[in-house]
Amino acid sequence: MLDYSGQQAVITSSSNQDIKRLRSLHERKYRKQTGWFLAEGLRICTEALQHGFAPMRLLYEEGRKTDPLISDLITACKKAGGRALPVTRALLVKVSNKDNPQTVIGAYRQFATNLAEIKKTDVRCWVALDRIRDPGNLGTIIRTIDAVAADGVILIDDCTDPFSVESVRASMGAIFSLKVSHCTSEEFIAFKRKLEGTLIGTALQSKVDYRIAEWRAPCIILMGNEQAGLPKKLREACDQIIAMPMHGRSDSLNLAVATGICLYEFLRHQND
Ligand code: SAM
């Protein structure tokens with residue numbers, strides 16, 4: 001709504017339709033229905049823009065319209081057919097569910113790469129995750145994939161949502177810089193058969209030390225579910241199965257930590 005001077009009026013009420021819609025994006029059901037997701041913070045929204053993603057809705061703190069980065073986001077949002085809305089700080093708190101919210105929150109269209117569209121030549125290093133449950137782990141893994149400039153993440157079977165607020169927060173915006181693909185384990189196994197590269201699985205039971213694996217590109221690093229590890233059918237599809245040695249009392253590493261170790265081992269071998 002515009003005020004008397006033709007400016008976008010500051011939204012102050014949580015019963016505003018846009019505010020209600022954006023708040024609902026905390027729930028997977030509404031993310032599915034709308035195909036949108038939330039990203040919070042000027043740094044993340046600016047990075048998204050640098051990767052070609054403009055927000056469909058942009059909430060920004062009242063009075064900050066002329067800040068250069070916010071002004072760029074407002075322009076991009078409008079150009080993409082979206083709406084940029086000034087709101088009170090109290091409403092930013094409500095939409096982000098955080099006491100100390102960022103100055104901007106963007107709602108973006110979700111994106112995905114169909115596994116069938118991934119060409120052999122596009123594969124340098126992907127991470128495939130079997131039924132990952134924890135959004136913090138997923139966001140951390142996405143951030144680490146970006147850190148080593150790997151290609152993307154393949155989510156196998158029923159995984160946590162990469163577009164949840166928790167996962168996007170943990171990814172620190174890296175979700176915008178890599179490819180995300182969803183598939184069933186059968187589709188993944190069929191994709192692997194056509195791939196001219198190595199599928200490196202990880203399992204605690206393996207006697208093969210991760211340092212002696214063939215870390216050549218192209219490769220896919222396959223990680224198991226937090227509780228159950230990799231099922232037999234996925235283990236059987238692997239060219240190699242490796243383990244990080246456990247010298248202390250814990251029997252396994254956190255999934256995101258284990259993925260990070262593999263990704264950096266891959267990177268180390270590319271620099272050999
Ligand atoms: N209870 C599960 C099991 O027995 O496989 C443990 C799962 S572990 C927390 C989750 C995933 O992290 C594993 O499936 C594997 O992909 C990876 N992982 C964790 N620690 C590992 C290690 N020491 N060696 C290889 N993979 C590991």
Side-chain angles (χ1 to χ4, degrees), residues 115 118 123-148 150-162 164 166-167 170-172 174-175 178-193 195 197-270:
L115 207 57
I118 303 173
V123 180
R124 183 175 151 267
C125 178
W126 284 72
V127 171
L129 300 170
D130 159 48
R131 297 164 299 152
I132 179 170
R133 307 300 321 162
D134 185 296
N137 274 346
L138 179 53
T140 305
I141 290 171
I142 288 173
R143 185 176 176 185
T144 316
I145 293 172
D146 173 66
V148 302
D151 305 301
V153 64
I154 299 172
L155 299 170
I156 304 172
D157 289 337
D158 187 19
C159 287
T160 190
D161 184 2
S164 69
E166 297 77 13
S167 177
S171 87
M172 295 290 289
I175 182 83
L178 47 81
K179 297 188 186 107
V180 180
S181 188
H182 305 256
C183 64
T184 63
S185 29
E186 287 71 28
E187 287 165 341
F188 178 73
I189 292 166
F191 171 74
K192 192 271 153 182
R193 278 199 200 106
L195 181 82
T198 319
L199 178 59
I200 303 181
T202 50
L204 308 178
Q205 302 76 11
S206 172
K207 298 276 177 280
V208 182
D209 187 292
Y210 74 106
R211 284 161 289 199
I212 61 165
E214 296 227 6
W215 290 108
R216 267 183 285 115
C219 86
I220 301 179
I221 301 167
L222 175 60
M223 309 300 298
N225 165 272
E226 287 97 334
Q227 270 79 45
L230 284 177
K232 190 163 174 266
K233 61 182 170 186
L234 286 177
R235 285 202 310 270
E236 284 174 355
C238 293
D239 299 300
Q240 303 169 37
I241 301 192
I242 51 132
M244 276 67 80
M246 302 292 302
H247 294 298
R249 282 193 301 174
S250 317
D251 67 350
S252 68
L253 296 166
N254 162 275
L255 171 60
V257 170
T259 312
I261 291 173
C262 292
L263 281 167
Y264 271 86
E265 192 62 14
F266 168 79
L267 187 66
R268 194 169 73 81
H269 282 260
Q270 308 322 294

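First listed ligand is number 1; within each ligand, the first listed atom is number 1. Only heavy atoms go into these numbers, but all of them, side chains included; no hydrogens, no water, no symmetry mates.
At a 4.0 Å heavy-atom cut-off, ligand 1 touches Met246 through the side chain alone. Under 4.0 Å from ligand 1, not a single heavy atom of Thr259 appears. At a heavy-atom cutoff of 4.0 Å, ligand 1 is contacted by the side chain of Gln205 but not by its backbone.
The environment of Arg216 atom CZ is sparse: at most 12 non-hydrogen atoms of other residues, nucleotides or ligands sit within 6.0 angstrom.
Residue, atom and distance of the protein heavy atom nearest to atom 21 (C) of ligand 1 are Leu204 CD2, 3.2 Å. For atom 10 (C) of ligand 1, the nearest protein heavy atom (residue, atom name, distance) is Asn225 O, 3.5 Å. Protein heavy atom nearest atom 2 (C) of ligand 1, with residue, atom name and distance: Gln227 O, 3.2 Å. Closest to atom 7 (C) of ligand 1 among all protein heavy atoms lies Glu226 O, 3.3 Å. With hydrogens left out, the protein atom closest to atom 26 (N) of ligand 1 is Thr202 CB, 3.5 Å, a heavy atom. Protein heavy atom at the shortest distance from atom 20 (N) of ligand 1 is Leu253 N, 3.0 Å.
Here is the list of ligand 1 atoms found below 4.0 Å of a heavy atom in Leu255: 11 (C), 12 (O). Residue Met223 has at least one heavy-atom neighbour below 4.0 Å for each of these atoms of ligand 1: 16 (O), 17 (C). Applying the 4.0 Å criterion to heavy atoms of Gly229 picks out, from ligand 1, the atoms 2 (C), 5 (O), 14 (O).
Not one N or O of Asn254 is nearer than 3.5 Å to an N or O of ligand 1, by distance alone. Residue Gly224 places at least one N or O, backbone or side chain, under 3.5 Å from an N or O of ligand 1. In terms of polar-atom proximity, Ala243 is not counted as a contact of ligand 1, lacking any N or O under 3.5 Å from an N or O of the ligand. Any N or O atom pair closer than 3.5 Å counts here, and Met244 shares at least one such pair with ligand 1.
Arg268 CZ to Trp215 CH2: the interatomic distance, rounded to the nearest 0.5 Å, is 10.5 Å. We find the CG-CZ distance between Leu178 and Arg143 to be 13.0 Å, quoted to the nearest 0.5 Å. Atom CD1 in Ile142 sits 4.0 Å away from atom CD1 in Ile175 (nearest 0.5 Å). Rounding to the nearest 0.5 Å places CG of Leu263 at 8.5 Å from CE of Met223.
The two residues Pro135 and Ser164 make their nearest non-hydrogen contact at CB-OG, 3.7 Å. Contact record, His269 with Arg211: NE2-O, 4.2 Å, taken as the closest heavy-atom pair. When all heavy atoms are compared, the tightest approach of Leu222 to Leu199 is CB-CD1, 3.9 Å. Minimum interatomic distance between Arg131 and Glu226 (heavy atoms only, all atoms of both residues): O-OE1, 4.1 Å. Contact detail for Ile241 and Val208: the closest heavy-atom pair is O-CB, 3.4 Å.
A salt bridge is defined here as a Lys NZ or Arg NE, NH1 or NH2 lying under 4.0 Å from an Asp or Glu carboxylate O, and Glu236 with Lys233 fails to meet this definition.
Here the shortest heavy-atom distance to atom 18 (N) of ligand 1, taken over Ala258, Ser252, Cys262, belongs to Ala258.
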